[in-house]
Every structure is written in C-alpha cells, then in structure tokens.
Amino acid sequence: MALLPKRVKYRKSQKGKCRGVASSGDRLSFGEYGLKAIDNGLIHANHIEACRVAMARKLRGAGKVWINIFPHKPVTKKPAETRMGKGKGDLDHWVAVIKRGKIVFEISGVPEDFAKNLLRLVAFKLPVKTKFIVRAH
C-alpha cells in the first residue's frame with residue numbers, strides 16, 4: 001500500500017528548493033534511538049515503505065517504531081520521448097522533503113547494538129545520508 005495524502009488542495013505542486021536545516025523534528029521525541037538525516041533531499045513514498053517493511057521483518061514484533069516523515073509533495077513526470085511543451089506532466093509519485101537534522105525514524109524497546117544494526121540496514125534503503133543517534137539520558 002502506497003503512502004499518499006487522503007486529500008490535497010492542489011493536484012500538482014511546484015518543484016521548490018530543498019535546502020536549509022530542519023527547525024522542527026530535529027530531536028528524538030518518542031524513541032531511545034533514531035536515524036537523523038545529514039543531507040537535504042527527497043524521500044519517495046516507496047523508500048519509506050521499504051524501510052518500514054525491513055524494520056517490521058527484523059523486529060518480529062519486538063520494540064516500537066516511529067516514522068516521523070510523510071510524503072506530502074506530489075512529483076509529476078512527462079512520458080518518455082514526448083516533445084517539450086503541452087503543459088505539466090501527470091502525477092508520478094509522492095515524496096517527503098527532508099532537511100538535514102530531521103529525525104526520520106525512531107525506535108525503542110530493543111538493545112542499542114540491535115537498534116544500530118537495524119537502522120544501518122534501513123539507512124541503505126534511503127537516498128539521503130543519515131547517522132545513528134541515541135537519546136541523551
């Protein structure tokens with residue numbers, strides 16, 4: 001099942017810029033361990049889903065996971081071998097805009113070494129550079 005908003009005001013949006021530092025969501029708010037983005041970028045809905053599935057399989061019901069991002073931004077694409085012009089392309093996929101410093105995933109209820117290993121596997125599935133962080137006690 002793909003992640004996408006239930007309703008949007010406008011079907012297509014402008015590309016925009018992906019720069020700056022995250023001002024909110026830059027600290028662990030739920031879990032003990034987290035995966036923090038250290039690059040700016042766009043994360044597709046299917047990347048988030050792949051990460052969720054990988055975590056669910058590894059955890060086997062143990063621990064708790066929080067996904068702190070959601071793909072709100074629509075991305076359009078014109079068909080291959082189409083001439084320029086004739087308007088903007090049709091909606092292709094949804095992305096989450098990620099600024100550096102944003103906590104992407106949080107996890108708790110598992111040992112630190114297991115969490116580090118799990119989030120390392122998840123990081124391979126993401127198109128942005130990330131680092132493992134631990135809540136300061």
Enumerate the residue pairs fulfilling side chain to side chain donor-acceptor pair (under 3.5 Å) with a member in residues 118-130, sequence neighbours excluded, ordered by first and then second residue.
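The answer is N117-R120.
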Summary of side chain to side chain donor-acceptor pair (under 3.5 Å) pairs that have at least one residue in residues 50-64, sequence neighbours excluded:
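Residue pairs with at least one partner in residues 50-64: E49-R52.
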With rounding to the nearest 0.5 Å, note down the distance linking [atom1] in [X] to [atom2] in [Y].
{"X": "L118", "Y": "D113", "atom1": "CG", "atom2": "CG", "value": "11.5 Å"}
{"X": "C51", "Y": "I67", "atom1": "SG", "atom2": "CD1", "value": "8.0 Å"}
{"X": "L91", "Y": "K77", "atom1": "CG", "atom2": "NZ", "value": "12.5 Å"}
{"X": "H93", "Y": "H44", "atom1": "NE2", "atom2": "NE2", "value": "3.5 Å"}

Please say yes or no: joined through hydrophobic side-chain contacts below 4.5 Å, possibly via intermediate residues, are [X] and [Y] part of one cluster?
{"X": "I107", "Y": "I69", "result": "yes"}
{"X": "I48", "Y": "W94", "result": "no"}
{"X": "L119", "Y": "V65", "result": "yes"}

Of the non-hydrogen atoms in [X] and [Y], which two are nearest, and what is the gap between them?
{"X": "L28", "Y": "V134", "result": "CD1-C, 3.8 Å"}
{"X": "G63", "Y": "V110", "result": "CA-CG1, 4.0 Å"}
{"X": "A45", "Y": "L3", "result": "CB-O, 3.4 Å"}

Under the salt bridge (Lys or Arg N to Asp or Glu O under 4.0 Å) definition, can you give me all pairs with a residue in residues 98-109, not counting sequence neighbours?
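Sorted result for residues 98-109: empty, none.
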Would you mind listing every ring-ring contact (aromatic ring centres under 6.0 Å, His included) that reaches into residues 104-133, with sequence neighbours excluded?
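Checked against ring-ring contact (aromatic ring centres under 6.0 Å, His included) - neighbours excluded - the pairs reaching residues 104-133 are Y33-F132.
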Please, which pairs that meet ring-ring contact (aromatic ring centres under 6.0 Å, His included) have at least one residue in residues 49-76, sequence neighbours excluded?
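ring-ring contact (aromatic ring centres under 6.0 Å, His included) check on residues 49-76 returns F30-W66, F70-H72.
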Single hit among D39, L126, L42, I43 for side chain to side chain contact (heavy atoms under 4.5 Å, CB included) with I98
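Of the listed options, the one satisfying the test is I43.
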Start with the C-alpha gap between I103 and L35, add the side-chain angles, then the distance that decides, and say whether side chain to side chain contact (heavy atoms under 4.5 Å, CB included) holds.
CA-CA 6 Å; I103 306 290; L35 198 63; over 6 Å; no
Please determine whether side chain to side chain contact (heavy atoms under 4.5 Å, CB included) holds for the pair V104 and K36, giving the CA-CA distance in whole Å, both sets of side-chain angles, and the decisive distance to 0.1 Å.
CA-CA 6 Å; V104 184; K36 183 181 232 178; over 6 Å; no
Atom pairs and distances, donor-acceptor, side-chain atoms in residues 4-27, under 3.5 Å, two or more places apart:
residue : atom : partner : partner atom : Å
K12     : NZ   : K88     : O            : 3.4
K12     : NZ   : G89     : O            : 3.1

